[in-house]
Peer 1: 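One structure, pasted below without further comment.
The structure presented is a predicted model; accordingly, all values stated were derived computationally and were not measured.
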Amino acid sequence: MKNRINTALEQNKKLLSIYFTAGYPSLNDTVKVIQDLEKSGVDMIEIGLPFSDPLADGPTIQESSTVALKNGMTTKILFEQLKDIRQSVTIPLIIMGYFNPMMQYGIEAFCAKCQEIGIDGLIIPDLPVAEYHEHYQETFEKYGLINVFLITPQTSDERIRFIDSVSNGFIYMVSSASVTGSTSGFGNTQEAYFDRIANMNLKAPQIVGFGISNNETFTQATKTTKGAIIGSAFIKYITNNGVDRIVDFVRGIR
(Lines give C-alpha, C1' and ligand atoms only; values in the text may rest on other atoms or scores of the structure.)
Protein backbone atom coordinates (compact mmCIF):
# COMPACT_ATOMS: atom_id res chain seq x y z
CA MET A 1 0.00 0.00 0.00
CA LYS A 2 1.28 3.44 -0.91
CA ASN A 3 2.28 5.68 1.96
CA ARG A 4 -0.31 8.41 2.60
CA ILE A 5 2.45 11.05 2.70
CA ASN A 6 3.43 10.26 -0.89
CA THR A 7 -0.22 10.31 -1.98
CA ALA A 8 -0.62 13.77 -0.39
CA LEU A 9 2.55 15.05 -2.06
CA GLU A 10 1.15 14.09 -5.48
CA GLN A 11 -1.86 16.38 -5.05
CA ASN A 12 -1.89 19.42 -7.28
CA LYS A 13 -1.98 21.97 -4.45
CA LYS A 14 0.12 23.53 -1.72
CA LEU A 15 -0.09 21.37 1.40
CA LEU A 16 -0.88 22.68 4.86
CA SER A 17 0.53 20.61 7.71
CA ILE A 18 -0.27 21.42 11.35
CA TYR A 19 1.88 20.46 14.33
CA PHE A 20 0.44 20.11 17.82
CA THR A 21 1.63 18.53 21.05
CA ALA A 22 -0.12 15.30 22.04
CA GLY A 23 -1.86 15.61 25.40
CA TYR A 24 -2.21 19.41 25.19
CA PRO A 25 -4.08 21.45 26.37
CA SER A 26 -5.61 18.42 28.16
CA LEU A 27 -4.42 14.82 28.18
CA ASN A 28 -7.43 13.55 26.24
CA ASP A 29 -7.59 16.29 23.58
CA THR A 30 -5.29 14.44 21.15
CA VAL A 31 -7.89 12.59 19.07
CA LYS A 32 -10.33 15.51 18.92
CA VAL A 33 -7.60 17.86 17.68
CA ILE A 34 -6.62 15.40 14.93
CA GLN A 35 -10.23 14.82 13.83
CA ASP A 36 -11.06 18.54 13.82
CA LEU A 37 -7.92 19.43 11.88
CA GLU A 38 -8.86 16.94 9.17
CA LYS A 39 -12.44 18.26 9.06
CA SER A 40 -11.00 21.79 8.71
CA GLY A 41 -9.18 20.81 5.50
CA VAL A 42 -5.61 20.32 6.75
CA ASP A 43 -3.57 18.01 4.48
CA MET A 44 -1.21 16.48 7.02
CA ILE A 45 -0.76 16.42 10.80
CA GLU A 46 2.38 16.25 12.92
CA ILE A 47 1.71 14.85 16.36
CA GLY A 48 4.34 16.04 18.82
CA LEU A 49 5.49 13.44 21.32
CA PRO A 50 6.40 15.62 24.34
CA PHE A 51 9.92 15.37 25.69
CA SER A 52 11.57 17.01 28.69
CA ASP A 53 14.49 18.47 26.71
CA PRO A 54 13.17 19.64 23.32
CA LEU A 55 16.22 21.31 21.78
CA ALA A 56 14.71 22.46 18.48
CA ASP A 57 11.53 23.88 19.94
CA GLY A 58 10.78 27.46 20.85
CA PRO A 59 9.13 28.58 24.11
CA THR A 60 5.53 27.99 22.95
CA ILE A 61 6.07 24.36 21.99
CA GLN A 62 8.37 23.75 24.98
CA GLU A 63 5.67 25.03 27.31
CA SER A 64 3.04 22.81 25.65
CA SER A 65 5.41 19.84 26.07
CA THR A 66 5.88 20.62 29.75
CA VAL A 67 2.11 20.83 30.28
CA ALA A 68 1.49 17.62 28.31
CA LEU A 69 4.07 15.75 30.40
CA LYS A 70 2.47 17.12 33.59
CA ASN A 71 -0.88 15.95 32.23
CA GLY A 72 0.63 12.46 32.15
CA MET A 73 1.33 12.02 28.43
CA THR A 74 3.71 9.14 27.57
CA THR A 75 4.55 7.19 24.42
CA LYS A 76 2.39 4.32 25.67
CA ILE A 77 -0.61 6.59 26.34
CA LEU A 78 -0.25 8.25 22.94
CA PHE A 79 -0.32 4.87 21.19
CA GLU A 80 -3.34 3.91 23.27
CA GLN A 81 -5.15 7.14 22.31
CA LEU A 82 -4.41 6.59 18.62
CA LYS A 83 -5.31 2.91 18.40
CA ASP A 84 -8.58 3.54 16.51
CA ILE A 85 -7.57 6.78 14.76
CA ARG A 86 -7.75 5.25 11.28
CA GLN A 87 -11.46 4.57 11.73
CA SER A 88 -12.10 8.32 11.51
CA VAL A 89 -9.04 9.97 9.92
CA THR A 90 -7.61 9.42 6.43
CA ILE A 91 -4.91 12.10 6.02
CA PRO A 92 -1.20 11.44 6.71
CA LEU A 93 -0.16 11.37 10.37
CA ILE A 94 3.45 11.93 11.37
CA ILE A 95 4.88 11.60 14.87
CA MET A 96 7.46 14.26 15.63
CA GLY A 97 9.63 13.60 18.62
CA TYR A 98 13.10 13.14 19.99
CA PHE A 99 15.05 9.92 19.71
CA ASN A 100 15.38 9.23 23.44
CA PRO A 101 11.73 8.25 24.14
CA MET A 102 11.74 6.08 21.00
CA MET A 103 14.89 4.28 22.14
CA GLN A 104 13.39 3.78 25.61
CA TYR A 105 10.33 2.21 24.01
CA GLY A 106 12.55 0.12 21.71
CA ILE A 107 13.08 1.24 18.09
CA GLU A 108 11.63 -1.88 16.50
CA ALA A 109 8.67 -1.98 18.90
CA PHE A 110 8.05 1.74 18.30
CA CYS A 111 8.05 1.33 14.51
CA ALA A 112 5.83 -1.77 14.70
CA LYS A 113 3.31 0.10 16.85
CA CYS A 114 3.33 3.05 14.43
CA GLN A 115 2.52 0.71 11.56
CA GLU A 116 -0.21 -1.02 13.56
CA ILE A 117 -2.10 2.22 14.31
CA GLY A 118 -1.53 3.82 10.92
CA ILE A 119 1.26 6.35 11.44
CA ASP A 120 2.88 7.25 8.11
CA GLY A 121 6.14 8.86 9.10
CA LEU A 122 8.46 10.19 11.77
CA ILE A 123 10.36 13.45 12.24
CA ILE A 124 13.24 13.06 14.70
CA PRO A 125 15.29 16.28 14.89
CA ASP A 126 18.13 14.74 16.91
CA LEU A 127 18.68 11.59 14.78
CA PRO A 128 21.54 12.43 12.37
CA VAL A 129 20.93 11.36 8.79
CA ALA A 130 24.12 9.25 8.57
CA GLU A 131 23.20 7.40 11.76
CA TYR A 132 19.68 6.76 10.43
CA HIS A 133 21.01 5.56 7.08
CA GLU A 134 23.50 3.20 8.71
CA HIS A 135 21.50 1.78 11.62
CA TYR A 136 17.77 2.41 11.34
CA GLN A 137 16.65 2.88 7.74
CA GLU A 138 15.98 -0.81 7.22
CA THR A 139 13.74 -0.99 10.31
CA PHE A 140 11.78 2.14 9.41
CA GLU A 141 11.21 0.90 5.86
CA LYS A 142 10.24 -2.57 7.07
CA TYR A 143 7.29 -0.95 8.88
CA GLY A 144 6.41 1.39 6.00
CA LEU A 145 7.52 4.55 7.80
CA ILE A 146 8.90 7.59 6.02
CA ASN A 147 11.60 9.40 7.98
CA VAL A 148 11.58 13.14 7.37
CA PHE A 149 14.86 15.06 7.65
CA LEU A 150 15.36 18.71 8.50
CA ILE A 151 17.57 21.13 6.61
CA THR A 152 18.38 24.74 7.60
CA PRO A 153 19.94 27.72 5.80
CA GLN A 154 23.26 26.54 7.26
CA THR A 155 23.06 23.00 5.82
CA SER A 156 25.70 22.48 3.11
CA ASP A 157 24.70 21.54 -0.44
CA GLU A 158 26.58 18.27 -0.06
CA ARG A 159 24.62 17.30 3.05
CA ILE A 160 21.33 18.38 1.45
CA ARG A 161 22.06 16.14 -1.53
CA PHE A 162 22.81 13.22 0.81
CA ILE A 163 19.54 13.86 2.70
CA ASP A 164 17.72 14.00 -0.63
CA SER A 165 19.24 10.65 -1.64
CA VAL A 166 17.94 8.85 1.47
CA SER A 167 14.57 10.64 1.63
CA ASN A 168 11.48 8.80 0.45
CA GLY A 169 8.95 11.48 1.41
CA PHE A 170 9.54 15.21 1.79
CA ILE A 171 12.34 17.31 3.23
CA TYR A 172 11.44 19.54 6.20
CA MET A 173 12.94 22.88 5.29
CA VAL A 174 13.54 24.92 8.44
CA SER A 175 13.12 28.55 7.38
CA SER A 176 15.73 29.90 9.79
CA ALA A 177 18.47 28.68 12.06
CA SER A 178 16.58 29.70 15.18
CA VAL A 179 14.06 27.74 17.24
CA THR A 180 10.38 27.44 16.32
CA GLY A 181 7.93 30.29 16.69
CA SER A 182 10.48 33.07 16.67
CA THR A 183 10.01 34.94 13.39
CA SER A 184 7.24 36.96 11.85
CA GLY A 185 7.37 37.14 8.08
CA PHE A 186 10.30 36.25 5.87
CA GLY A 187 13.14 38.60 4.98
CA ASN A 188 15.66 38.61 2.12
CA THR A 189 17.87 35.99 3.76
CA GLN A 190 15.04 33.47 3.88
CA GLU A 191 13.86 34.33 0.37
CA ALA A 192 17.41 33.71 -0.90
CA TYR A 193 17.50 30.38 0.94
CA PHE A 194 14.15 29.33 -0.55
CA ASP A 195 15.48 30.19 -4.03
CA ARG A 196 18.77 28.37 -3.41
CA ILE A 197 16.95 25.15 -2.47
CA ALA A 198 14.49 25.48 -5.36
CA ASN A 199 17.44 25.77 -7.78
CA MET A 200 18.97 22.53 -6.48
CA ASN A 201 16.16 20.57 -8.18
CA LEU A 202 15.95 17.96 -5.42
CA LYS A 203 13.92 14.81 -6.01
CA ALA A 204 12.14 15.08 -2.64
CA PRO A 205 9.57 17.89 -2.35
CA GLN A 206 10.21 20.45 0.39
CA ILE A 207 7.79 21.62 3.07
CA VAL A 208 8.74 24.73 5.04
CA GLY A 209 8.42 25.01 8.81
CA PHE A 210 9.26 27.67 11.46
CA GLY A 211 7.87 31.19 11.20
CA ILE A 212 4.56 30.46 9.44
CA SER A 213 1.54 31.80 11.25
CA ASN A 214 -0.96 33.30 8.81
CA ASN A 215 -2.04 33.51 5.17
CA GLU A 216 0.77 35.90 4.22
CA THR A 217 3.61 33.73 5.57
CA PHE A 218 1.94 30.55 4.22
CA THR A 219 1.78 32.09 0.73
CA GLN A 220 5.38 33.32 0.95
CA ALA A 221 6.71 29.99 2.19
CA THR A 222 4.94 27.94 -0.48
CA LYS A 223 5.93 30.06 -3.48
CA THR A 224 8.82 27.72 -4.33
CA THR A 225 7.92 24.72 -2.14
CA LYS A 226 5.23 22.05 -1.85
CA GLY A 227 3.76 23.20 1.44
CA ALA A 228 4.19 24.66 4.89
CA ILE A 229 3.99 23.52 8.51
CA ILE A 230 2.44 25.60 11.28
CA GLY A 231 3.20 24.73 14.90
CA SER A 232 3.68 27.53 17.42
CA ALA A 233 0.89 29.72 16.01
CA PHE A 234 -1.59 26.83 16.24
CA ILE A 235 -0.53 25.97 19.79
CA LYS A 236 -0.94 29.62 20.80
CA TYR A 237 -4.39 29.55 19.24
CA ILE A 238 -5.59 26.48 21.18
CA THR A 239 -3.95 27.84 24.36
CA ASN A 240 -6.09 30.96 24.06
CA ASN A 241 -9.25 29.54 22.49
CA GLY A 242 -9.40 25.88 23.52
CA VAL A 243 -9.97 23.08 21.02
CA ASP A 244 -13.55 23.81 19.94
CA ARG A 245 -12.91 26.37 17.17
CA ILE A 246 -10.00 24.80 15.29
CA VAL A 247 -11.76 25.38 11.96
CA ASP A 248 -11.50 29.17 12.45
CA PHE A 249 -7.72 28.95 12.75
CA VAL A 250 -7.34 26.86 9.60
CA ARG A 251 -9.68 29.10 7.59
CA GLY A 252 -7.40 32.03 8.33
CA ILE A 253 -4.39 30.36 6.74
CA ARG A 254 -5.45 29.83 3.14
Peer 1: Could you tell me whether the side chain of N71 and the main chain of M73 form a donor-acceptor pair under 3.5 Å?
Peer 2: no
Peer 1: Say whether I235 and V247 are linked into one hydrophobic cluster, either directly or through other cluster members, by side-chain heavy-atom distances under 4.5 angstrom.
Peer 2: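 They do not share one cluster, since no chain of ILVMFWY contacts under 4.5 Å joins I235 to V247.
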Peer 1: Ignoring hydrogens, what is the shortest heavy-atom contact between A228 and I207? Give both atom names and the distance.
Peer 2: N-CG2, 3.6 Å
Peer 1: Stepwise, does the side chain to side chain donor-acceptor pair (under 3.5 Å) test hold for D164 with S167?
Peer 2: CA-CA 5 Å; D164 191 43; S167 292; 5.4 Å; no
Peer 1: Is any side-chain N of the basic residue among D43 and K226 closer than 4.0 Å to the acidic one's carboxylate O?
Peer 2: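 Answer for the salt bridge query: no.
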Peer 1: Which heavy-atom pair separates K236 from T60 by the least distance, and what is that distance?
Peer 2: CE-OG1, 3.3 Å
Peer 1: Report yes or no: do Y24 and L69 belong to one cluster of Ile/Leu/Val/Met/Phe/Trp/Tyr joined by side chain heavy-atom distances under 4.5 Å?
Peer 2: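 Y24 and L69: separate clusters.
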Peer 1: For R254, I'd like to know if atom CZ has over 12 heavy atoms of other residues, nucleotides or ligands within 6.0 Å.
Peer 2: yes
Peer 1: Check whether more than 12 heavy atoms from other residues, nucleotides or ligands sit under 6.0 Å from atom CG of N188, and answer yes or no.
Peer 2: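 Not buried by this count: 12 neighbours or fewer within 6.0 Å.
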Peer 1: Just by distance, no angles: are the side chains of E10 and N6 close enough, under 3.5 Å, to form a donor-acceptor pair?
Peer 2: no
Peer 1: Heavy atoms only: give me the nearest S17-I45 pair and the separation to one decimal.
Peer 2: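 Closest approach of S17 to I45: OG-N, 4.3 Å.
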Peer 1: For T21 and P50, which heavy atoms make the closest approach, and how far apart are they?
Peer 2: CG2-CB, 4.1 Å
Peer 1: What distance separates R4 CZ from I119 CD1, expressed to the nearest 0.5 Å?
Peer 2: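 Between R4 CZ and I119 CD1, I get 9.0 Å after rounding to 0.5 Å.
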Peer 1: Any luck finding a side-chain donor-acceptor pair between Y143 and E108 under 3.5 Å?
Peer 2: yes
Peer 1: Is it true that a side-chain atom of T30 and a backbone atom of G23 form a donor plus acceptor pair closer than 3.5 Å?
Peer 2: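 Confirmed, T30 side chain pairs with G23 backbone.
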Peer 1: Is the number of heavy atoms from other residues, nucleotides or ligands within 6.0 Å of NZ (K70) greater than 12?
Peer 2: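 No.
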Peer 1: Say you draw a straight line from CD1 of I47 to OH of Y19; how long is it, rounded to the nearest 0.5 Å?
Peer 2: 10.5 Å
Peer 1: Enter the distance from L150:CG to Y172:OH here, rounded to the nearest 0.5 Å.
Peer 2: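 It is 6.0 Å, given to the nearest 0.5 Å.
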Peer 1: Less than 4.0 Å between a side-chain N and a carboxylate O, is that true for R251 and D248?
Peer 2: yes
Peer 1: Which atom pair, heavy atoms only, marks the closest approach of P153 to S175?
Peer 2: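 Answer, listing the atom of P153 first, then S175: CG-O, 3.8 Å.
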Peer 1: Once rounded to the nearest 0.5 Å, what's the spacing between atom NZ of K223 and atom CD of Q220?
Peer 2: 7.0 Å
Peer 1: Is it true that T152 and Y193 share a donor-acceptor pair across their side chains at a distance under 3.5 Å?
Peer 2: no
Peer 1: Could you state the interatomic distance from OG (S213) to OH (Y237), rounded to the nearest 0.5 Å?
Peer 2: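 It is 14.5 Å, given to the nearest 0.5 Å.
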Peer 1: For a side-chain hydrogen bond (donor to acceptor under 3.5 Å, both in side chains) with T217, tell me which candidate from N215, N214, T219 qualifies.
Peer 2: N214
Peer 1: In this structure, is the centre-to-centre distance between the rings of Y136 and F99 below 6.0 Å?
Peer 2: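 That pair passes the under 6.0 Å test.
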Peer 1: Might you confirm whether atom NZ of K76 has over 12 heavy atoms from other residues, nucleotides or ligands at distances under 6.0 Å?
Peer 2: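 Incorrect, the count does not exceed 12.
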Peer 1: Measuring from Q81:CD to L27:CG, what's the distance to the nearest 0.5 Å?
Peer 2: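 Answer rounded to 0.5 Å: 5.5 Å.
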Peer 1: For the pair R161 and E158, find out whether any cationic side-chain nitrogen is under 4.0 Å from an anionic carboxylate oxygen.
Peer 2: no
